[in-house]
Protein chains: 2
Amino acid sequence: METMTTEQKILKAADKIFTQKGYAATRTRDIAEEAGTNLALLNYYFGSKEKLFKNVVQGKLKMLLGAMGPALSDGQISLEEKISLITENYTNLLLENEELPIFILNELTVNRELFAKITQNTRQIAQPVLEKQLKERGFEISATDLIINVLSMTLFPFVAKPLITSSGLVKEEEFVNFVTDRKKKIIEWIIKITL
Amino acid sequence: METMTTEQKILKAADKIFTQKGYAATRTRDIAEEAGTNLALLNYYFGSKEKLFKNVVQGKLKMLLGAMGPALSDGQISLEEKISLITENYTNLLLENEELPIFILNELTVNRELFAKITQNTRQIAQPVLEKQLKERGFEISATDLIINVLSMTLFPFVAKPLITSSGLVKEEEFVNFVTDRKKKIIEWIIKITL
DNA sequence: ACTTAAATTAAACAAATGATTAAATCATAT
DNA sequence: ATATGATTTAATCATTTGTTTAATTTAAGT
């Protein structure tokens, strides 16, 4: 288990704290301590707080986009399966990484410049295939609206979790069940909308 | 126009910068400068950065919850009108305050303790009325799911705007039209889902 | 064993930052 | 006019924070 290199330990610690508190509120000393190493090693291995952050963000962004990308552009997969795949993937991913979307979305908002460089290599979300599938079956909704709706219903509960729980809409203990139950419901809802 | 008191000028400046950059990334000096006043005045009037922040947050939270609260618990308003009211209110509010939801949701996530005090006075989101209306008309969806769905489809595009635009799903220039068009669509979609 | 480079540590630096102080200015009431 | 209190300013403090430096230890190759 203790086969992690120091560099990896720092990256793991950085991942945890950056995701938890965001870039600005994170102290490099906290990362070093969490990693069980020295503060200087952070700069030794990663150069600066900002470079370390970019490293973390790149990974997180890949996780977030990776849960959607492949499914969408595959012409073999039916519409229903695509929706099912996306909600299933995201729900499972976010159950293991609850702060992931709010972290990415907030840093993306606060730090446009920093993200410009990172996201430029981000593959565009391909929708021509989806557009074609919708047209073939005579659906009126646009691919963009469909994607946004699926993402909205799936991701929003995680993004807004603190508000949802503290307002009493869903109790903290019920949250996992709530989003798990929604997986099936979302598919039905999207089908109803799309028809 | 220049009838604002210094205290108000500071609060307005704080509102702008906190919302833009979040608590941790905001420098009290920047607030003072934006307000066209002195750094010491910030502490003179508000005591500390944190107290000023709470002041700002309280206002923002009221805006965000205010757009939903009244409509929900009113038994006179029909289901369709409620949905319409909520999406209409939120879309209009967020078109004028694009960073509002991501700001609140992120600070709420990062800063649970600080928010515990603020949100304790927050009225619970009342849903018994809605629950009753749903039951009367024989709908199967729960009030919670309905509310979450409306909020998801309405708020999510604003929360995820940077991701949506940078991924090419919606172009920056088209965004206002996109969310404006969705107002009508969301109501239709929700009706379809709920039936 | 010896050499060399990589890895690690402790200490210190310089800049940034939230907060405070003390003096100066302004407004208002007597 | 004067006194009193509120407001404003400039300067300074103390701490935090990202980064660097220099010395030490570890590992690997010869």
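This one's a predicted model, so the numbers in the text were calculated from it and none came from an experiment. Every chain is numbered from 1, with letters handed out A, B, ... down the list of sequences.
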* Side chains of B:Asn177 and B:Arg182: is there a donor and an acceptor less than 3.5 Å apart? -> no

* Asked: Of all the choices, D:dT19, C:dT20, C:dT8, which nucleotide is nearest to the side chain of A:Asn43 once you look at every atom?
  -> D:dT19

* Asked: Within the structure shown, what part of the strands sits under 4.0 Å from A:Thr5 by heavy-atom distance: base, sugar-phosphate, or nothing?
  -> nothing

* Rounding to a whole Å, what distance do you find between B:Ile17:CD1 and C:dG18:P? -> 11 Å

* Asked: Under 4.0 Å between a side-chain N or O of B:Arg29 and OP1 or OP2 of C:dT17?
  -> no

* Asked: Does the side chain of A:Ile193 reach to within under 4.5 Å of the side chain of A:Leu146, using non-hydrogen atoms?
  -> no

* **Whole-Å gap separating P (D:dT17) and CG (A:Leu42)** => 14 Å

* Structure fact -> Per atom distances to the A:Ala40 side chain, the nearest of C:dT8, D:dT20, C:dT20 is D:dT20

* Asked: At under 4.0 Å, does any side-chain N or O of B:Thr6 touch on OP1 or OP2 of D:dT8?
  -> yes

* Whole angstrom value for the distance that separates P of C:dG18 from CD1 of B:Ile31 -> 8 Å

* Nearest to side-chain heavy atoms of B:Lys49, which nucleotide of D:dT19, C:dT8, C:dA19 -> C:dA19

* C:dT17 P sits how many Å from B:Glu50 CD, rounded? -> 18 Å

* To do: Give one of base, sugar-phosphate or nothing for B:Phe46, where a contact means two heavy atoms less than 4.0 Å apart.
  => nothing

* Asked: Looking at the side chain of A:Asn38, which of C:dT8, C:dT9, C:dT20 is the nearest nucleotide?
  -> C:dT9

* Asked: OP1 or OP2 of D:dT17 sitting under 4.0 Å from any side-chain N/O of A:Thr28?
  -> no

* D:dT8 OP1/OP2 closer than 4.0 Å to side-chain N/O of B:Tyr44 -> no

* Distance test, side-chain N/O of A:Ser48 to OP1/OP2 of D:dG18, below 4.0 Å -> no

* Asked: Between A:Phe103 and A:Phe53, how do the two ring planes meet: parallel, tilted or perpendicular, split at 30° and 60°?
  -> perpendicular

* For residues B:Lys49 and B:Asn43, is any side-chain donor paired with an opposing acceptor at under 3.5 Å? -> no

* Going by atom types only, do A:Asn92 and A:Lys183 share a side-chain donor-acceptor pair under 3.5 Å? -> yes

* **Separation of atom CG in B:Leu41 from atom P in C:dA22, rounded to whole Å** => 18 Å

* Taking the side chain of B:Leu39 as its heavy atoms from C-beta onward, which of D:dT17, C:dA19, C:dT8 lies nearest to it? -> C:dA19

